[in-house]
Amino acid sequence: MKLPVVHLYTVCWDEADMLGFFFRHYDPFVDRYVIYDDGSTDGSREILAAHPKVELRSFARVEAESFVLSHKAMQDEAWKESRGRADWVIVTAIDEHLHLRGRGMADYLAEQRERGVTLIPALGFDMNAEAMPDDAGLLVERVTRGRPRAAFNKLSVFDPGALHETGFGPGRHAAEPVGALHLPARDDLMLWHYKHLGFDRNATREATQALRLGKVDLAEGYGQHYRWTRERLRGFWDEMEAGSTDLSGPDMVPDEACVRPLWWEAAEGIARVAAAPLPPAVPATLDAAPTVSVLIKAYNHAPYVRQTIESVLAQPFQDFEIVVTDDGSTDDTLAILQAFDDPRIRLEAHPRNLGISAAMNATIARARGRYLAILNSDDWALPGRLARQVAFLEANPQVSLVFGQPRPVGEDGLPAAPFNDFTVPLRFPDFSRRTWLRQFFFEGNCLCAPTAMIRREAYEAAGAYDPRFVNLQDLDMWIRMLIAGHGIHVLSEPLSAFRIRDNNANTSAPTVEAMLRLQCEITRILDRFASIDEDLFREVFGEEGGPATDPVALRVAAIAQRQPHTYMQRFALDTLYTHARTPDEIDRLRVWSGTLDVYNLRTLQHLEREIHGRDHAVAQLTQTVAEKDLRYDREVADLTAAVTDAERRAAALAETDARRRADAEDLEARLQEADAAMADLRTRLEAALASRLRMRESLSWRSTAFLRWIGRTRRALRAR
């Protein structure tokens with residue numbers, strides 16, 4: 001059994017006294033640790049850096065004010081880098097030890113992967129001890145006293161390729177995973193939580209952790225237990241010790257001792273895989289016919305076909321051959337297939353494309369296996385597929401065809417939304433031939449061919465695929481096998497990854513071309529029911545279809561003509577036309593041909609009347625629009641004239657305003673000149689007055705005052 005690749009993600013803060021226990025527990029089955037250190041100061045970083053499997057990173061608070069939300073963001077996103085690199089991812093804490101009773105984790109994970117399991121939640125148990133043990137041995141062997149706690153029923157282990165999102169809640173105490181979700185047949189994995197090792201140690205650590213909470217944490221109530229008083233913590237501790245028991249005893253059954261309800265049992269879209277035993281992996285010899293022939297028809301799937309082949313070669317069940325037919329590929333598909341150097345791969349290449357059915361017939365003709373497993377060249381087999389189906393067919397000889405569920409994936413291999421509901425059979429009351437044939441007659445196909453494993457004798461009884469079918473060749477084959485007496489069963493677990501191609505590139509995608517082919521092919525498929533014998537008709541349809549004196553074909557036609565589908569009524573009319581012989585049957589043909597609207601003529605007439613009525617309404621609307629357009633044209637012309645007049649008046653006002661602004665600017669200039677002249681005169685007057693004052697204050701002025709008086713007197717006498 002091939003051991004799985006396991007990656008583990010966690011956060012560390014001052015865990016030096018726990019890291020020895022942590023690595024001794026996980027090293028036997030973990031291949032790579034990604035550990036985010038949140039500022040340790042106790043030597044933890046040095047211990048982590050020295051471990052050869054550890055990638056040490058710094059923990060980033062993407063929510064600046066919240067340790068809890070930053071921690072949640074890491075747990076929801078960091079593991080996605082392991083897609084395509086790891087079979088399993090573990091998201092945990094340093095003090096959480098995932099534990100199984102009586103077996104190793106590596107073997108358990110390998111087995112669950114073979115069974116198609118994609119997520120493994122753990123049953124939570126809170127462990128405690130009076131003192132922190134010395135750094136030696138395994139905690140799951142040294143500290144075995146604890147009690148079940150629902151808070152630690154956590155999603156801890158999952159397939160990174162199957163899950164699209166984990167949807168963890170704060171503290172990882174809840175999860176809402178999205179993707180292909182398949183649980184083990186029973187819950188055996190336990191999470192033993194080792195936080196409570198010594199009261200003083202725990203109380204000190206809680207108080208310090210409380211100081212690391214952000215404003216958002218405090219506002220939202222995240223991590224409230226970190227803020228408990230020492231007294232409250234002591235009360236919790238005493239309660240925990242009083243409720244604890246030794247969990248290592250032989251009478252402890254984990255899924256009975258745990259605390260329910262378990263969130264994953266109530267979640268929608270999560271199913272358990274079957275608990276059937278797996279057959280031993282037996283390598284095939286080249287001389288002897290293998291147990292299984294894996295049938296792969298390939299056409300222009302170069303980006304995917306390598307993964308298809310490798311998924312079969314990696315199966316634990318090795319007693320197989322891979323029979324491949326390249327159906328005239330024009331890309332590198334054939335070159336990729338030829339590059340494989342495994343003698344169990346038997347390759348044949350067609351020079352040109354012959355179509356799906358012809359390629360399948362050529363592949364089956366070269367197969368030597370007792371069981372034939374179908375696989376498309378753009379899909380891949382999930383781990384354990386061959387072993388699971390071989391085990392079922394070996395244990396159920398009455399079944400010739402065993403199908404599983406597909407895991408829908410996109411071009412990138414990540415989970416995607418399916419365009420068909422392949423879970424329909426899981427809701428059947430039984431898998432009897434009657435149930436299957438009624439499903440195929442009334443509802444159509446609900447089986448995914450790339451998940452099928454089929455006994456060789458079922459193909460031999462049914463004959464070759466009909467090369468005239470493009471979309472419904474599989475449905476035609478399943479019906480013929482059922483008619484030949486071969487039983488069908490559907491397993492609930494996923495067996496093949498079923499790729500949903502972009503732009504509806506799948507042949508079965510709901511394109512217009514596919515819908516047209518379906519209408520053409522479905523009536524030919526229904527012809528198979530018109531050819532069954534009386535006993536099988538009674539087994540499938542009972543008393544439906546009219547009196548037993550009528551031929552089976554006419555009774556099948558009578559059932560079909562009552563169905564609402566046009567293709568059913570068209571089949572009914574064609575069948576009646578082919579088999580009508582008596583006057584009553586010919587009269588029935590006259591009635592049916594005049595009432596069954598198999599060509600949608602009534603619909604066309606109704607549409608024509610609707611079109612005529614709409615044409616009349618359009619004509620009236622056109623006339624109304626024309627009248628309104630004329631009225632609007634007049635209104636627009638009037639408005640245009642008014643606008644033109646307003647623009648003219650606005651232009652005149654603008655011109656007047658411009659002249660006024662020019663006059664105002666000229667007047668302003670003159671005023672500025674006058675102000676300048678006045679300022680000059682004031683300056684000159686002030687200078688003259690100042691000069692005169694200085695003169696009068698001078699000695700010469702004062703000493704000549706008498707002479708100036710005589711002068712003035714003489715001038716006055718002369719004036720007389």
Side-chain angles (χ1 to χ4, degrees), residues 293-305 307-309 312 322-331 333-334 336-337 346-367 372-381 401 403 406 408 418-420 422 440 444-454 456 458-460 462-481 496-528:
S293 294
V294 181
L295 311 177
I296 301 175
K297 56 188 186 307
Y299 177 67
N300 284 354
H301 281 161
Y304 321 108
V305 70
Q307 183 180 19
T308 304
I309 300 296
V312 180
I322 305 175
V323 187
V324 190
T325 300
D326 181 79
D327 195 25
S329 294
T330 57
D331 63 0
T333 297
L334 181 57
I336 293 170
L337 291 169
R346 304 176 59 223
L347 173 64
E348 179 179 276
H350 291 168
R352 65 182 183 87
N353 184 262
L354 300 180
I356 295 173
S357 295
M360 194 64 178
N361 289 334
T363 308
I364 294 171
R366 301 184 345 261
L372 309 182
I374 301 175
L375 187 62
N376 290 341
S377 57
D378 57 347
D379 302 331
W380 72 87
L401 297 81
F403 293 79
F419 52 71
N420 289 325
F422 294 112
F440 293 152
N445 193 20
C446 58
L447 295 172
C448 185
T451 70
M453 183 178 285
I454 304 170
R456 169 180 289 280
Y459 273 115
E460 293 171 350
Y465 284 92
D466 190 332
R468 295 169 295 181
F469 291 136
V470 176
N471 283 88
L472 297 181
Q473 75 283 350
D474 290 328
L475 177 60
D476 179 58
M477 179 59 71
W478 314 149
I479 292 172
R480 284 190 280 147
M481 287 180 173
S496 295
F498 181 59
R499 200 180 300 270
I500 309 298
R501 303 283 304 284
D502 291 344
N503 302 316
N504 287 326
N506 296 70
T507 304
S508 55
T511 62
V512 173
E513 292 81 359
M515 297 304 293
L516 289 173
R517 289 195 201 100
L518 287 172
Q519 290 294 315
C520 173
E521 295 178 4
I522 188 62
T523 55
R524 305 283 76 83
I525 297 292
L526 292 173
D527 281 340
R528 302 291 182 187

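Along the sequence shown, residues are numbered consecutively beginning with 1. Just so it is clear, the model here is predicted, and its values are computed rather than measured.
- In terms of modelled atom types and a separation under 3.5 Å, the side chain of D327 and the main chain of I356 share no donor-acceptor contact.
- Under the 4.5 Å side-chain criterion, counting only non-hydrogen atoms from C-beta, I454 is in contact with W478.
- Expressed to the nearest 0.5 Å, how far CG of L334 lies from CD of E348 amounts to 11.5 Å.
- Listed for the S377 side chain is no donor-acceptor partner under 3.5 Å among the backbone atoms of V305.
- Formation of a donor-acceptor pair under 3.5 Å by the R366 side chain with backbone atoms of V324 is found in this model.
- Summarising the geometry of A449 relative to I374, their closest heavy-atom pair is O-CB, 3.4 Å, with the distance given to 0.1 Å.
- When atom types are taken as modelled, the side chain of N361 and the backbone of Y465 share a donor-acceptor pair closer than 3.5 angstrom.
- Between L372 and V323, every side-chain heavy-atom pair lies at or beyond the 4.5 Å cut-off.
- Note: F422 and F498 have perpendicular aromatic rings, judged against thresholds of 30 and 60 degrees for the angle between ring planes.
- No donor-acceptor distance shorter than 3.5 angstrom exists from the side chain of S329 to the backbone of D326, with no hydrogens or angles considered.
- Between the CZ atom of F469 and the CE atom of M477 there is a distance of 10.5 Å, given to the nearest 0.5 Å.
- If you take CD1 on I336 and NE2 on H301, they are separated by 11.5 Å, rounding to the nearest 0.5 Å.
- Of all non-hydrogen atoms in T308 and W380, the two that sit nearest each other are CA-CB, 4.3 Å.
- For the pair I500 and P408, the tightest heavy-atom approach, listed with the atom from each and the gap, is CG1-CB, 4.3 Å.
- Between atom CD of residue E521 and atom CG of residue L526 there is a gap of 12.0 Å, rounded to the nearest 0.5 Å.
- Of the possible donor and acceptor atoms, none in the side chain of Q473 sits under 3.5 Å from a partner among the backbone N and O of S357.
- The main-chain N or O of G328 is never found under 3.5 Å from a side-chain atom of N353 such that the two would form a donor-acceptor pair.
- Of the candidates L518, N445, L472, I525 forms a side-chain contact (heavy atoms from CB on, under 4.5 Å) with just one, namely L472.
- Every residue two or more places apart in sequence or in another chain was checked for a salt bridge (charged side-chain N to carboxylate O under 4.0 Å, His left out) with R456, and none qualifies.
- Smallest separation of non-hydrogen atoms from A302 and T333: N-OG1, 3.0 Å.
- The two residues P450 and L375 come nearest to each other via the heavy atoms O-CD1, 4.1 Å.
- If you take CD1 on I296 and CD1 on I322, they are separated by 5.5 Å, rounding to the nearest 0.5 Å.
- Remark: R352 CZ to T330 OG1 distance equals 14.5 Å, nearest 0.5 Å.
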Side chain to side chain contact (heavy atoms under 4.5 Å, CB included) between Y459 and M360, worked out: CA-CA 11 Å; Y459 273 115; M360 194 64 178; 4.0 Å; yes

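- A462 and M481 make their closest contact through CB-CG, 3.7 Å (heavy atoms, listed as atom of the first residue, atom of the second, distance).
- Put simply, the side chain of L295 does not reach to within 4.5 Å of the side chain of T325, judged on heavy atoms.
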